[in-house]
Novice: 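Okay, handing you the structure first.
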Amino acid sequence: MKTFGQMNRDELILLKSRLEKEYEDIQKQGLVLNMARGKPDWNQVSLSMKMLDTLNSSQDYSDCKEYFNYGILDGIDEAKTLFSEILNVSTDNIIVYGNSSLNIMFDQISRAFTHGYMGNKPWGQLEKVKFLCPVPGYDRHFAITEYFHIEMIPIPFDNDGPNMDVVQQYVESDESVKGIWCVPQYSNPTGITYSDKTVERFANLNPAAKDFRIFWDNAYILHHLYNDKQDCVGDILSACEKAGHPDIVFEFCSTSKVSFPGAGVAAMATSINNKNDILKHMNIQGIGFDKLNQLRHVQYYKDINGLKLHMQKHAELLRPKFELVLDILKKELGGLDIAKWTQPLGGYFIAFDGLDGCAKQIVKKCKEAGAILTAAGAPFPYGNDPRDSHIRIAPSYPEIEELRQAAYLFTLCVKLVSIDKYLEK
Ligand code: PLP
């Protein structure tokens, strides 16, 4: 088989007319497909449906009456224990919140602007605040920093995490660099897990800013696709503590893609100093989160082993979807030398890279035939993919037949747009 680069003009034109005909036939079907957002499907959320039967009026709650009242700002002990097992840290370092980890991240940045961290000057009084953004990354992280007018600096990825030489250079030389976004395990969207060396280098940073913080969003810590091949990112909190920088990290996670997105429980792990500082502010912000939902989650999953078993059921539903998309990509695009993509062991995404200058056009062409993809550029600060080559594929939500159609249509669009690119040359 020839690569597109090896085909002559006539061969490319002939192939294009055959593919265009196929594209038009698909367009006529009026499909409505969506591979845009990384949401669990109905079968996945249904796995937790019985959680709704845990708390009920026939249970005896006499030993936890206070869970039904105001208070217990940092979460009920049982939930702290569950998150301490997930994150492998002491319960003393945990705060259990409401339903969303993204909301905690937003609050952390918001507080930095209004009040500052641990006595440091509020960021709102500074001329410039910058954040490092490993790319491609999570669009909603970048949306938060953009919302606060924080200047975002893209950081390239290596195979084992962000390029730490570049990170170190910025963090240690520029006092206006106040944070970095990280999704350290099964990263959104690359699927990369940071190596132990990367974790060590993060922990050993000597930031120019006293209030620099690593935003360690461990959203996919439980989300393995396979039982026998699993990544496990190192524990950042103990690494930072060992390196003598216990306060430089906030670690986040939630059960959004374990139980119910929007109705799960979220938590943060951080140093005792940070925790005390945060609680002072939280004490003004509210009188406690939804402790009954925390209890419901603990009663249902029980402990880390219960969670692991539950996540295997998620994996059984997700794995065939990932494998289907990967098979179609390989069968349709393999050997053409017009694209590469990741083969993640977990998380929610396949990261796809086409030829430079093609991503926007591919997404547009898919949309015109009925398949919605994440907007090209979304995984980059300001929506700007400098090479216009990256597309995030989210296989979890569509049903399997829809996914088959969407993935095939995607490959057809990739071929058509890539042929045009070659013909332009
Ligand atoms: N962090 C990452 C990296 C995500 O991919 C997502 C959801 O896709 C979230 C956070 C959202 O988490 P939550 O539902 O806890 O706000």
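Just so you know, ligand 1 is whichever comes first in the structure, and atom 1 is the first atom listed for that ligand.
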Novice: Quick check on contacts: which atoms of ligand 1 are under 4.0 angstrom from a heavy atom of Ser100?
Specialist: 15 (O), 16 (O)
Novice: When you measure from the side chain of Thr411 to the backbone N and O of Tyr408, does any donor-acceptor pair fall under 3.5 Å?
Specialist: yes
Novice: Among all protein non-hydrogen atoms, which one is nearest to atom 3 (C) of ligand 1, and what is the separation to 0.1 Å?
Specialist: Asp217 OD2, 3.3 Å
Novice: Could you walk me through whether Tyr194 and Trp216 pass the ring pair (Phe, Tyr, Trp, His ring centres under 6.0 Å) check?
Specialist: CA-CA 11 Å; Tyr194 297 8; Trp216 197 257; 5.5 Å; yes
Novice: Is Arg404 salt-bridged to Glu401, cutoff N-O under 4.0 Å?
Specialist: yes
Novice: For atom 12 (O) of ligand 1, which protein heavy atom lies nearest, and how many Å away is it?
Specialist: Ser101 OG, 3.2 Å
Novice: Which residue owns the protein heavy atom closest to atom 14 (O) of ligand 1, what's the atom, and how far is it?
Specialist: Ser256 OG, 2.6 Å
Novice: Give the atom numbers and elements of ligand 1 that come within less than 4.0 Å of a heavy atom of Ala219.
Specialist: 1 (N), 2 (C), 3 (C)
Novice: Looking only at N/O atoms, are His141 and ligand 1 under 3.5 Å apart anywhere?
Specialist: no
Novice: Does a salt bridge link Asp160 with Lys197, judged by any charged N lying under 4.0 Å from a carboxylate O?
Specialist: no
Novice: Just by distance, with hydrogens left out, do Asp107 and Ser110 show a side-chain donor and acceptor under 3.5 Å apart?
Specialist: no
Novice: Starting from atom 8 (O) of ligand 1, find the nearest protein heavy-atom neighbour and note its residue, name and distance.
Specialist: Lys257 NZ, 2.7 Å
Novice: Return the residue, atom name and 0.1 Å-rounded distance of the protein heavy atom closest to atom 5 (O) of ligand 1.
Specialist: Tyr220 OH, 2.6 Å
Novice: Test Ile144 against every option in Phe131, Phe215, Phe106 by the side chain to side chain contact (heavy atoms under 4.5 Å, CB included) rule and name the one that passes.
Specialist: Phe106
Novice: Which heavy atom in Trp181 sits nearest to a heavy atom in Cys133, and how many Å separate them?
Specialist: CD1-SG, 4.0 Å
Novice: Should Gly38 be counted as touching ligand 1, given the test is an N or O pair under 3.5 Å?
Specialist: no
Novice: Does an N or O from Ser254, backbone or side chain, lie closer than 3.5 Å to an N or O of ligand 1?
Specialist: yes
Novice: Between the side chains of Arg201 and Asp196, is the shortest nitrogen-to-carboxylate-oxygen separation below 4.0 Å, so that they form an ion pair?
Specialist: no
Novice: Counting only nitrogen or oxygen atoms and a 3.5 angstrom limit, does Asn99 reach ligand 1?
Specialist: no
Novice: List the closest protein heavy-atom neighbour of atom 9 (C) of ligand 1: residue, atom name, distance to the nearest 0.1 Å.
Specialist: Tyr138 OH, 3.5 Å
Novice: Is any NZ, NE, NH1 or NH2 atom of the basic residue among Lys121 and Asp211 found under 4.0 Å from an Asp or Glu carboxylate oxygen of the other?
Specialist: no
Novice: Does only the side chain of Leu102 get under 4.0 Å from ligand 1, or the backbone, or both, or neither? Count heavy atoms.
Specialist: both
